[in-house]
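The first residue of the sequence shown is numbered 1, and numbering continues consecutively from there. The model shown is predicted, which means the values in this text are computed figures rather than measured ones. Because only heavy atoms are used, hydrogens play no part in the values below, and waters and symmetry mates are left out as well, while side chains stay in.
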Amino acid sequence: MDIQAGQHHDESVGSVVTLDLAEGEKLHVLHPQQIIAYRGPSSGRSDKLMNIKGMYRKHKLIQADFTGACRLIAALPPGFSLKMIKLEGSDDLLYDFRNLFWYSSGIQMRTKLLSMKNMLFSRDVIKMKFDGIGHIGILTQGLVCQEQLHPSEPIYVDASSVIAYPENAKLELTVYGNHLASQHMNYHFKMTGHGTVLFHAGEHHRRLQQDMNDDGVIKRFLREVIPFGGVFIK
């Protein structure tokens, strides 16, 4: 396997990702409309209908299979990044299918039905788990962060930012800090367990931009100190 990915950013107009496939290597692309250039034999691309499960999860009908040697160039919208993750056959992470951009040959996907508690917390019914050895490409908003879980010492992660977490992880939906802090934050996942959690920072980048562009110190002060001030004070 010799998949190589390179990404070039320009935050105002988006980014470009280059994927180089070695001879005989196969890549399954779930967002083929983002491929803007291709170098290789015409027969190296073969589109097909997704299965029903894929259509439901991605809200799309077509996936494209590319066989190397070839080069793909994909365009990503402003604020999006591609994270390439190498899987060694013992991956324990559960992913949201919506974040999956591509996966290589040798990788199989399985659906994992969440527990009723985790369904309520994550507002999702099914997560994806990958088996095999290869690579996957994950679409994220902003940069990707990775933190190690501990069996007894929790980490709090903004629930809207989580990309993937270990199947063994224990989740609780909560806030933290004192009374004022807990009124002015999104719900967080309180996580313990083994392995790593992946999360992205895109949404918070936009919030900071809004805060910096927002005029009026008094308005900002009132939004912070009044419960639900961010909703009522525009």
So, H200 side chain and T140 main chain: donor-acceptor pair closer than 3.5 Å or not?
-> no
Minimum side-chain heavy-atom gap V17-L76 below 4.5 Å | yes
Could you walk me through whether Q146 and V197 pass side chain to side chain contact (heavy atoms under 4.5 Å, CB included), step by step?
-> CA-CA 6 Å; Q146 183 172 330; V197 55; over 6 Å; no
Do any N or O atoms from the side chain of Q34 and from the backbone of A74 form a donor-acceptor pair under 3.5 angstrom?
-> no
Side chain to side chain contact (heavy atoms under 4.5 Å, CB included) between I62 and L49: does it pass, once the steps are laid out?
-> CA-CA 5 Å; I62 301 294; L49 288 173; 3.7 Å; yes
Hey, could you give me each pair passing salt bridge (charged side-chain N to carboxylate O under 4.0 Å, His left out) that has a residue in residues 176-187? Not counting sequence neighbours.
-> none
Give the minimum heavy-atom separation between M128 and T111, together with the two atoms involved.
-> SD-CG2, 3.7 Å
Indicate yes or no: at least one non-hydrogen side-chain atom of K127 is less than 4.5 angstrom from one of D96.
-> yes
To the nearest 0.5 angstrom, please state how far the CG atom of L198 sits from the CG atom of L94.
-> 11.5 Å
Anything under 30° is parallel, anything over 60° is perpendicular, the rest tilted; go ahead and classify Y38 against F66.
-> tilted
How long is the span from the CD1 atom in I36 to the CD1 atom in I73, to the nearest 0.5 Å?
-> 6.5 Å
Any chance you could lay out the ring-ring contact (aromatic ring centres under 6.0 Å, His included) test for Y176 and H188, step after step, and finish with the verdict?
-> CA-CA 8 Å; Y176 65 94; H188 283 59; 5.3 Å; yes
Kindly give the heavy-atom pair with the smallest separation between S182 and H179, and that separation in Å.
-> OG-O, 2.9 Å
Does L100 reach the side chain of F130, with side-chain heavy atoms less than 4.5 Å apart?
-> yes
Would you say H194 and P151 make side-chain contact, with heavy atoms under 4.5 Å?
-> yes
Look up atom CD1 in I163 and atom CD in Q141, then write down how far apart they are to the nearest 0.5 Å.
-> 9.5 Å
Do you know the tightest heavy-atom contact between T67 and C70?
-> O-SG, 3.7 Å
Y95 and L93: which non-hydrogen atoms are nearest, and at how many Å?
-> OH-CD1, 3.3 Å
What is the minimum heavy-atom distance between P41 and A69, and which atoms define it?
-> CD-O, 3.9 Å
Compare all side-chain heavy atoms of E172 with those of K170 and state whether any distance is below 4.5 angstrom.
-> yes
Do the side chain of N178 and the main chain of A181 share a donor and acceptor less than 3.5 angstrom apart?
-> yes
W102, F101, F97 screened by side chain to side chain contact (heavy atoms under 4.5 Å, CB included) with L30, the one that passes = F97
Considering only heavy atoms from C-beta outward, does the side chain of I85 approach that of K83 to under 4.5 Å?
-> yes
Main-chain N/O of G195 paired with Q148 side-chain donor or acceptor, under 3.5 Å = yes
Does the side chain of P166 reach to within under 4.5 Å of the side chain of L149, using non-hydrogen atoms?
-> yes
Criterion side chain to side chain contact (heavy atoms under 4.5 Å, CB included) on T18 and L72, from CA distance to verdict = CA-CA 6 Å; T18 301; L72 315 177; over 6 Å; no
CD1 on I138 to CG on N99, rounded to 0.5 Å = 6.0 Å
Please answer whether the main-chain N or O of H135 pairs with a side-chain N or O of S104 as donor and acceptor at a distance below 3.5 Å.
-> yes
Hey, is D47 close enough to R45 for a salt bridge, meaning N to O under 4.0 Å?
-> yes
Can you see which heavy atom on K26 is nearest to which on L21, and at what distance?
-> C-CD2, 4.3 Å
Can V175 and Q183 be said to form a side chain to side chain contact (heavy atoms under 4.5 Å, CB included), step by step?
-> CA-CA 8 Å; V175 291; Q183 286 182 337; over 6 Å; no
Using a distance-only test with no angle check, is there a side-chain donor-acceptor pair under 3.5 angstrom linking H28 and D65?
-> yes
Quick one: does K129's side chain get under 4.5 Å of M109's, heavy atoms only?
-> no
Looking at residues at least two apart in the chain, or sitting in another chain, which of them share a side-chain contact (heavy atoms from CB on, under 4.5 Å) with P154?
-> Y156, K190, T192
Spatial distance of atom CD (E25) from atom CG (L19) [nearest 0.5 Å] | 11.0 Å
Distance from F189 atom CZ to S161 atom OG, nearest 0.5 Å?
-> 10.5 Å
